[in-house]
Amino acid sequence: MTCKVTNMQTGFATKDGAGVSLIRVLGHDTVKTYDPILMLDSFDSTNPNDYTAGFPMHPHRGIETISYVFSGDMQHRDNLGFEDTVSNGEVQWMTAGSGILHEEKVPAADRLLGVQLWLNMPAANKMNDPEYHPIKNSDIKEIELDGAKLRLLAGRFPIKSFEEEELNDQQVAKGFISKYSPFNYYDVSMQDGAVVDIPVPSDASVMIFTLLGSVKVGDTVVNPKTAAKIFSDGILKLEATEGENKVLVIISKALNEPVAWGGPIVMNNRDELDHAFQELRNGTFIKSKMAIEK
């Protein structure tokens, strides 16, 4: 079985929201390579001035935002009426669908460490109703591996076999399951010298992000705070380097659909994108009947 890195992205420093400092690792230039992941923003700061300005109320359509707050807090509020805080190892999963307005406040903490992903939605589902799902620590299974620990942030992890369809419920660990895309999301903490095998379906789109430390994949060392696209024909083999290692593993499936992306909205063609912005201007953007303006 072979496993190799086919692309690496280290990102650049920028500001978003009301002035939040972050590293944008994936974006417009990496859409095709990392499909279905559109964006990856990395947060790592011990200075509250870098992030407490937060992200004031803003719209989204056509995507899901997945925020993993390993250290610190993120407070969510939206026009559906949801208000929630995820903290220290928890996940915020928001399905924008046909349209949502939300804000994210980031209170001061000893250290803010985490990532936000934008997951593209299939064309057939982009206008589905929006939803919000907090994934709390009590929902996240922790799986002990040889020299490592895997936190199952979302999806499935086969414990005894790599053929999930042949396993019973006792042989597969399950977390939050995405409605619209196959999506396995793991936080893997590794001891020095540990080697971890992650099962990968043959048609999967696979990437990793080195949240802390570096890791070796095949003959390639992936340095800290780097996204890497992986080719694997069955098993992703991760080898820890010296020091603290925390690797986020994302196993999904490429949509192979056209992308029209403008600011907070992602559709499939320019006409759909222009229509969405026209609806924002004329006040018809929100489609969900359960939406409650706050």
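These values consider heavy atoms only, across backbone and side chains, with no hydrogens, waters or symmetry-generated copies.
In this structure the side chain of Leu212 reaches within 4.5 angstrom of the side chain of Leu113, judged on heavy atoms. Side-chain contact between Val20 and Phe55 is present, with heavy atoms from C-beta onward closer than 4.5 Å. Under the 4.5 Å side-chain criterion, counting only non-hydrogen atoms from C-beta, Asp187 is in contact with Ser189. Contact annotation: the side chain of Glu272 never approaches that of Ile265 to less than 4.5 Å [non-hydrogen atoms, C-beta and beyond]. Taking 4.5 Å as the limit, every side-chain heavy atom of Ile208 sits out of range of all side-chain heavy atoms of Thr226. Inter-residue side-chain proximity for Met94 and Glu64 is flagged as unmet; no heavy-atom pair is nearer than 4.5 Å. In this structure, Phe285 and Pro59 have side chains that are in contact, with non-hydrogen atoms separated by less than 4.5 Å. By the 4.5 Å heavy-atom criterion applied to side chains, Val69 and Asn88 are not counted as neighbours.
For CG of Asp146, the number of neighbouring non-hydrogen atoms (other residues, nucleotides, ligands) closer than 6.0 Å is 12 at most. Around atom CD of Glu131, more than 12 heavy atoms belonging to other residues, nucleotides or ligands sit under 6.0 Å away. In the displayed structure, Glu242 atom CD is contacted under 6.0 Å by at most 12 heavy atoms of other residues, nucleotides or ligands. For CD of Glu257, the number of neighbouring non-hydrogen atoms (other residues, nucleotides, ligands) closer than 6.0 Å is greater than 12. Within 6.0 Å of atom NZ in Lys105, 12 or fewer heavy atoms from other residues, nucleotides or ligands are found, so the atom counts as exposed in its surroundings.
A tilted orientation is assigned to the rings of Trp261 and Trp118, their planes being inclined by 30° to 60°.
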key: Test log, rule side-chain contact (heavy atoms from CB on, under 4.5 Å), inputs Ser45 and Tyr51   = CA-CA 8 Å; Ser45 177; Tyr51 56 81; 4.2 Å; yes
message = Applying salt bridge (charged side-chain N to carboxylate O under 4.0 Å, His left out) to Asp35 and Lys229, what does each step give before you reach the verdict?
response = CA-CA 10 Å; Asp35 181 14; Lys229 181 72 174 183; over 6 Å; no
query = Would Glu142 and Lys149 satisfy salt bridge (charged side-chain N to carboxylate O under 4.0 Å, His left out), going step by step from the backbone distance to the final call?
reply = CA-CA 7 Å; Glu142 296 189 352; Lys149 180 176 72 176; 3.6 Å; yes
request  = Would you sort out whether Val247 and Leu211 count as a side-chain contact (heavy atoms from CB on, under 4.5 Å), showing the intermediate values?
outcome  = CA-CA 6 Å; Val247 184; Leu211 186 64; over 6 Å; no
ask   = Could you walk me through whether Phe43 and Gln116 pass the side-chain contact (heavy atoms from CB on, under 4.5 Å) check?
value = CA-CA 8 Å; Phe43 308 90; Gln116 182 177 92; 4.1 Å; yes
request  = Please step through salt bridge (charged side-chain N to carboxylate O under 4.0 Å, His left out) for the pair Glu279 and Arg61, ending with a clear verdict.
outcome  = CA-CA 11 Å; Glu279 290 188 327; Arg61 177 179 285 180; 2.8 Å; yes
request  = Take Ile100 and Asn79 through the side-chain contact (heavy atoms from CB on, under 4.5 Å) test and state the conclusion after the steps.
outcome  = CA-CA 7 Å; Ile100 197 169; Asn79 67 302; 3.4 Å; yes
query = Under the salt bridge (charged side-chain N to carboxylate O under 4.0 Å, His left out) criterion, do Lys287 and Asp129 qualify, and how do the steps go?
reply = CA-CA 8 Å; Lys287 306 298 183 184; Asp129 284 344; over 6 Å; no
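Under the 4.5 Å side-chain heavy-atom criterion for ILVMFWY residues, a single connected hydrophobic cluster contains both Ile66 and Tyr34. Under a hydrophobic-cluster definition in which Ile, Leu, Val, Met, Phe, Trp and Tyr are linked whenever side-chain heavy atoms come within less than 4.5 Å, directly or via other members, Leu236 and Met190 are assigned to the same cluster. Following chains of ILVMFWY side-chain contacts shorter than 4.5 Å, one cannot reach Ile143 starting from Ile250, and the two form parts of different hydrophobic clusters.
Annotation: Phe82 is not in aromatic contact with His76 [ring centroid separation under 6.0 Å not met]. Aromatic rings from Tyr186 and Phe157 are positioned such that their centres are separated by under 6.0 Å. For Trp93 and Phe183, the distance between ring centers is under 6.0 angstrom.
Side-chain contact annotation: Ser205 with Lys253, donor-acceptor N/O pair under 3.5 Å absent. In this structure, a donor-acceptor pair under 3.5 Å is absent between the side chains of Lys179 and Asn125. Checking Asp73 against Ser87 by side-chain atom types alone, a donor-acceptor pair falls below 3.5 Å. Donor-acceptor pairing under 3.5 Å is recorded for the side chains of Asn282 and Thr284. Between the side chains of Ser232 and Lys4, no donor-acceptor pair is found at a separation under 3.5 Å. A donor atom on one side chain and an acceptor atom on the other are not found under 3.5 Å apart for Gln75 and Glu103.
When all heavy atoms of Lys141 and Ala173 are compared, the closest pair comes out as CD-CB, 4.1 Å. Among all heavy-atom pairs drawn from Met207 and Leu40, the shortest one is CE-CD1, 3.8 Å. Closest non-hydrogen pair, Pro130 versus Ala96, comes out as CB-O, 3.3 Å. Smallest separation of non-hydrogen atoms from Leu152 and Ile140: O-CG2, 3.5 Å. Contact record, Asp44 with Lys225: OD2-NZ, 3.0 Å, taken as the closest heavy-atom pair. Nearest heavy-atom pair across Cys3 and Val217 is SG-CG1, 3.6 Å.
Leu248 CG to Ser42 OG: the interatomic distance, rounded to the nearest 0.5 Å, is 9.0 Å. The distance from atom CG of Asn7 to atom NZ of Lys32, rounded to the nearest 0.5 Å, is 13.0 Å. Here the OH atom belonging to Tyr132 is positioned 10.5 Å from the CD atom belonging to Glu83, to the nearest 0.5 angstrom. Of the inter-residue distances, the one linking Ile63 atom CD1 with Leu38 atom CG reads 7.0 Å to the nearest 0.5 angstrom. Here Asn49 contributes atom CG and Ser21 contributes atom OG; the two are 9.5 Å apart, rounded to the nearest 0.5 Å. Separating the CG atom in Leu117 from the CD1 atom in Ile37 is a distance of 5.5 Å, to the nearest 0.5 Å.
In terms of modelled atom types and a separation under 3.5 Å, the side chain of His58 and the main chain of Pro56 share a donor-acceptor contact. Using a distance-only test at 3.5 Å, with no hydrogens or angles considered, no donor-acceptor pair links the side chain of Thr33 to the main chain of Thr30.
Grouped by direct or indirect side-chain proximity (heavy atoms under 4.5 Å, Ile/Leu/Val/Met/Phe/Trp/Tyr only), Val195 sits alone. The hydrophobic cluster containing Met121 also includes Tyr180, under a criterion of side-chain heavy atoms closer than 4.5 Å among ILVMFWY residues, counted directly or through chains of members.
Checked options Val215, Ile230, Asn184, Val188; the residue passing with Val249 is Val188 (criterion: side-chain contact (heavy atoms from CB on, under 4.5 Å)). A side-chain hydrogen bond (donor to acceptor under 3.5 Å, both in side chains) with Tyr68 is found for one member of Glu90, Gln92, Arg151 and no other, namely Arg151.
Ion pairing between Asp84 and Lys136 holds under the 4.0 Å rule for side-chain N and carboxylate O.
Every residue meeting the side chain to side chain donor-acceptor pair (under 3.5 Å) condition with Thr241, not counting sequence neighbours, appears here in chain and number order: Ser214, Asn245.
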